[in-house]
Amino acid sequence: MATPEQVAQDDVELAAPACNCRLLRNNSGALKDSEGRTVRFGLGNISKRVNDQSKSSDLIGITEVVITPEMVGKKVGIFTAIEVKPPGFKVREKYPPKSREAAQERFLQFVRGKGGFGGFATSGEDLKHVLNHFISWLKS
């Protein structure tokens, strides 16, 4: 049976194409190999220290944006990071500093700070809201 977060992720992924967005699952974690060495996987998961500070999002991809006349008439692909949460999750201004959500928010802030699209989503509607927020910002 699917978890509430998996149901939310499925909804986000199904909504993405209508938003000109292609999202890919970004599994992240660590395991021990047969010789006892830690093998890390997932975007940016280069050490426990780094991963404790910044956790890459569940879904990573590109959102196609047609640059309108006020944006010089070009089409660009904008890096997109979506952190999926189960229904009922509330986005906050601040999370406890050592929490998983705080590390996830730091990654999203990094993406947004470089001009990418990033946010938390519990549904396809949330994805549309995140993307429309940034497209509106581009047009301003």
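Just so it is clear, the values below take in all heavy atoms, side chains as well, and ignore hydrogens, waters and symmetry mates.
Taking the six-membered ring where tryptophan is involved, the planes of F107 and F79 are perpendicular, since the angle between them exceeds 60° and thus also 30°.
Within the 4.5 Å cutoff, no side-chain heavy atoms of D11 are placed close to those of T122. A 4.5 Å side-chain heavy-atom check between V76 and I78 finds at least one atom pair inside the cut-off. Side-chain atoms of K32 and V39, non-hydrogen and from C-beta on, never get closer than 4.5 Å to each other.
Considering every non-hydrogen atom in both L43 and S56, the closest pair reads O-OG, 2.7 Å. Counting all heavy atoms, side chain and backbone alike, F41 lies closest to N45 at O-ND2, 3.1 Å. A pairwise comparison of heavy atoms in A81 and L108 identifies O-CD2, 3.5 Å as the closest pair. V12 and S123 get closest at one heavy-atom pair: CG2-O, 3.3 Å. Listed here is the closest heavy atom pair of C19 and K128: SG-CG, 3.4 Å. In terms of heavy-atom proximity, R40 sits nearest to A30 at NH1-CB, 3.7 Å.
Side chain of N26 to main chain of S57: a donor-acceptor pair is present (N/O by atom type, distance under 3.5 Å, no hydrogens or angles). Put simply, the side chain of S99 never gets that close to the backbone of Y95: no donor and acceptor are under 3.5 Å apart. Using a distance-only test at 3.5 Å, with no hydrogens or angles considered, no donor-acceptor pair links the side chain of R22 to the main chain of I62.
Under the ring pair (Phe, Tyr, Trp, His ring centres under 6.0 Å) criterion, F134 pairs with F117, not counting sequence neighbours. Every residue was checked against the salt bridge (charged side-chain N to carboxylate O under 4.0 Å, His left out) condition with R106, not counting sequence neighbours, and none meets it. Judged as a ring pair (Phe, Tyr, Trp, His ring centres under 6.0 Å), and not counting sequence neighbours, F110 has no contacts.
Checking K55 against S28 by side-chain atom types alone, no donor-acceptor pair falls below 3.5 Å. No side-chain donor-acceptor contact under 3.5 Å links N51 and R49.
Cluster membership for I82 and I60, using ILVMFWY side-chain heavy atoms within less than 4.5 angstrom, is not shared. The hydrophobic cluster containing L127 also contains W137, counting ILVMFWY residues as joined when their side-chain heavy atoms lie under 4.5 angstrom apart, directly or transitively.
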From CA spacing to verdict: side chain to side chain contact (heavy atoms under 4.5 Å, CB included), E105, K94:
CA-CA 9 Å; E105 178 61 28; K94 287 186 106 173; over 6 Å; no

Would Q109 and V111 count as a side chain to side chain contact (heavy atoms under 4.5 Å, CB included) here? Give the steps.
CA-CA 5 Å; Q109 288 172 351; V111 169; over 6 Å; no

Evaluation steps, side chain to side chain contact (heavy atoms under 4.5 Å, CB included), between L138 and V65
CA-CA 10 Å; L138 280 172; V65 176; 4.1 Å; yes

Take R25 and D58 through the test salt bridge (Lys or Arg N to Asp or Glu O under 4.0 Å) and record every step on the way to the result.
CA-CA 6 Å; R25 178 75 179 132; D58 295 317; 3.3 Å; yes

Apply the test side chain to side chain contact (heavy atoms under 4.5 Å, CB included) to residues L59 and Q9: give CA-CA distance (whole Å), side-chain angles for both, the deciding distance (0.1 Å), then the verdict.
CA-CA 9 Å; L59 300 171; Q9 182 174 311; 4.0 Å; yes

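Taking CG of N20 as the start and CG of L131 as the end, the distance is 9.5 Å to the nearest 0.5 Å.
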